[in-house]
Number of protein chains: 2
Amino acid sequence: MTRLDPAARREQILAATLRLVARDGFARVTLRDVAAEVGVVHGLIRHYFPTREQLVAAAFDAAVLAELEDDEEVAERVEPVEALADWLTSTPREHYLVWIDAWSEAPRNPELHAALTRHHRDCERRLSRIIERLDQAGLGTSADPASDARMLTALADGIAVQHHAIGIVSREDADRVVFTAAEERLGIVPGTLERSRPTAVRGQWATNTGA
Amino acid sequence: MTRLDPAARREQILAATLRLVARDGFARVTLRDVAAEVGVVHGLIRHYFPTREQLVAAAFDAAVLAELEDDEEVAERVEPVEALADWLTSTPREHYLVWIDAWSEAPRNPELHAALTRHHRDCERRLSRIIERLDQAGLGTSADPASDARMLTALADGIAVQHHAIGIVSREDADRVVFTAAEERLGIVPGTLERSRPTAVRGQWATNTGA
DNA sequence: TAACGTGTTATCCATGTGGACAAGAAGGGG
DNA sequence: CCCCTTCTTGTCCACATGGATAACACGTTA
């Protein structure tokens, strides 16, 4: 492969790793798989990431970062109802498959566990903020936004398992479950979230074409 | 190791496999690990299970079976509130770690996916039945027991992730979240489930001492 | 007690893995 | 123009893995 800018190559390797993790899981991704996905020799991976452990850790960090990169300021400007509907539904399938795999790896991988903890706290914090704004706007009520955020986060994760991993519920049913629960919990008039369902789907990880 | 009754040895191997899956995950459990856990040579494992795939599939089937073996007739005789509190909280840590790992493996393992689907449906069905009895007894109300069961199952799974995998919430907080949500959803008077919290913890998988 | 079935062991093998290393190639600065 | 950094390749190695196989040992039955 032609010589590439180090930063671009690095991102290319990370994206390839994430695609393979989503497909095969952290435990089964090999350096040779990643190299083949990128189109280089497996020795080159080592040139950028000294060990396999550091590679997957860096890849997961990148995934967490990518998940948060959609500007929080933007989310702050949009209507709270819309922000809530978006928060509850917009995580793409590939990302959730990585989260689910990360859950299973976390108990035996301290770095991954730490990153996952940070990500989870951040998700709850963002949702909590949306709930506060919803309450302030008089569109809903919450005595304890943090508690409500925790409960809705857990519900969204659980229903994502049923949808993405087990495939026992459709996308529509999954959305309805979390929408209904959120409306009930936060005193939002029923059907509001359904009507604010976002149409666009967030991006996946880049393909082979590096930055 | 002394010669053993085939059925007993088989169960011993399955239990050892499940313990290792809970610790290391499906992908990382090797035949040699299982053999060492049992205290035999790795060739013997093959004598009982022709391939590694069949071993882990059989182990997961055994786990699903063990989860359901607590007699449904017994659950039918106990008070519905007690049954609900038990359902929402009684899955032991080791079992949940296996479920979480199974979620991450399901998309690429058809047999495991099938077993997981059966197990999930059964869990929902049982909870649905409890909710029906609760409604009939006038202790709660549910317009759609199946929907409520689906939502509470998802919530319980999601909060189990937060508790067991990420460790971001304590056992007490986890129970409180699902109890509060269930009471709210089913119109149970607040605090009822907390007072019915089961004291006994269900068993883990047997240790080395075979049947 | 001798023969037989089978649980059990001890090795052997091909393969895939993470990592190490030296040589080649592409570009940038003197 | 040459040199020098470093991106990139090809190859090598020690090791672990799943699986195969033959010999061994223990219990049962005739």
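Keep in mind that what you see is a predicted model, and the values were worked out from it rather than measured.
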### Message
In this structure, how many angstroms lie between the P atom of C/dG7 and the CZ atom of B/R10, rounded?
### Response
12 Å
### Query
What residues, two or more places apart in sequence or in another chain, satisfy salt bridge (charged side-chain N to carboxylate O under 4.0 Å, His left out) together with A/E94?
none
### Message
I need the CG-C1' distance between B/D24 and D/dA16, as an integer number of Å.
### Response
15 Å
### Query
In terms of side-chain heavy atoms of A/V41, which of C/dT8, D/dG10, D/dT6 is nearest?
D/dG10
#### Entry: Axial bend angle, the helix from C/dT1-D/dA30 to C/dG30-D/dC1: five-pair end segments, nearest 10°
10°
## Note on the structure
Separation of D/dA25 atom P from B/L4 atom CG, nearest Å, is 19 Å
#### Entry: Residues in salt bridge (charged side-chain N to carboxylate O under 4.0 Å, His left out) contact with A/D175, at least two apart in sequence or another chain
A/R171, A/R197
### Message
Does a side-chain N or O of A/H47 approach OP1 or OP2 of D/dT8 to a distance below 4.0 Å, or not?
### Response
no
### Task
Would you indicate whether the side-chain heavy atoms of B/V178 and B/L152 approach each other to under 4.5 Å?
no
### Task
Just jot down the side-chain contact (heavy atoms from CB on, under 4.5 Å) partners of A/I166, sequence neighbours excluded, or say none.
A/V161, A/I168, B/W103, B/L116, B/T117, B/H120
### Length of the line joining B/L44:CG and D/dC26:C1', which is rounded to integer Å
14 Å
### Query
What pairs with A/R125 under salt bridge (charged side-chain N to carboxylate O under 4.0 Å, His left out), at least two apart in sequence or on another chain?
A/E72, A/D122
## Note on the structure
Atom CG of B/D5 and atom P of C/dG7 are separated, to the nearest Å, by 9 Å
### Partners meeting salt bridge (charged side-chain N to carboxylate O under 4.0 Å, His left out) with B/R176 (sequence neighbours left out)
B/D173
### With sequence neighbours excluded, residues passing side-chain hydrogen bond (donor to acceptor under 3.5 Å, both in side chains) with B/R185
B/D148
### Query
Does B/E79 CD have over 12 foreign heavy atoms under 6.0 Å away?
no
### Those residues that, when tested against B/T91, pass side-chain contact (heavy atoms from CB on, under 4.5 Å) (two or more places apart)
B/E67, B/H95, B/Y96, B/W99
#### Entry: Under-4.0 Å side-chain N/O to phosphate OP1/OP2 contact, B/Y48 with C/dT8
yes
#### Entry: Per-nucleotide protein contact string for nucleotides 15-26 of chain C (B base, S sugar-phosphate only, - none; heavy atom under 4.0 Å)
--BBBB----BB
